[in-house]
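Following: one structure in structure tokens, then a few remarks.
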Amino acid sequence: MAQQAGSHGVTRRSALSLLAAGGAGSLVAPTLLAQGAAGEDDHVATMLGWDQDSGQYTLPPLPYAFDALEPHIDAQTMEIHHDRHHAGYVRGLNRALEGLAGLREGTVPASEASHLSHELSFHGGGHVNHTLFWLNMSPDGGGEPGGALGEAIARDFGSFEKFKGQFASASGSVKGSGWGYLCLEPISQKLIVTHMHNQEDGLFAGLRPLLGVDVWEHAYYLKYQNRRGDYIQAFFNVINWEHVGKLYEWSIG
Ligand code: MN3
């Protein structure tokens, strides 16, 4: 497994490089940074696999075994999804950052700027989305959230069941590849459910993502084939509400 975050004092800067990516990087990173603001910057870098020595992002280890979410999410899907797909986003992110550095230094032609910006947004989004996704799940997950998040869901959706229906519907109706998301809208301080396409678009700036479900086919096809709805229902059995609740509390600050 790749090494984890090294030296101290760079974590905010490294997370901010994702912020600069735009797209989902600009959505998930503030939620992670909210924790940094509480004085735990090192943890932010660890979560995102920042390695100061190499100056690159590394693939954060899965916080549980590949088969830990069986029977809801199968081990083979988890292994391919984490070790190949997520690893590919990390490689793409590092490649884009390297290319952009070359652009600044004049070793990469200016005509590459648009392509590199898209690559940074796409792969940076992929990296932060998946980092959050693994933490959104747990072998001890499922059930319903308590605490402040449980109260906010009841307040903003009417009930947990109504939230669940909206989340399943938003996630199930992504056309092509994308994500379903439960977010905090920071101006009104209300929870909303929405979805985004691919790794980056579809959410307006400032939303704080709390819970995401990956509905790219690679996330479920081996076990569920075309039955995306069954996969989404199974996802509810592994949601780590404790972690989602912490993100909510950091986000409302
Ligand atoms: Mn995925």
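Residues: numbered from 1 along the sequence shown. Whatever order the structure lists ligands and atoms in, that order sets their numbers, starting from 1. All values reported here derive from a predicted model rather than from experimental measurement.
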Y231 six-ring centre to K223 NZ/CZ under 6.0 Å and within 45° of normal: no
Which one of L191, L184, I252, L247 satisfies the side-chain contact (heavy atoms from CB on, under 4.5 Å) criterion with R208? L184
For residues F122 and Q199, report the shortest heavy-atom separation together with the two atoms involved. O-CB, 3.5 Å
Using modelled atom types and a 3.5 Å cut-off, is there a donor and acceptor pairing between side-chain atoms of W134 and backbone atoms of P63?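 Between the backbone of P63 and the side chain of W134 there is no qualifying donor-acceptor contact (under 3.5 Å).
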Indicate the ring-plane relationship of F133 and H130, choosing parallel, tilted or perpendicular according to the 30° and 60° boundaries. perpendicular
Is the gap between the ring centers of Y57 and H127 under 6.0 Å? yes
2.8 Å cut-off (strict), protein N, O or S atoms about the Mn ion (ligand 1): 4
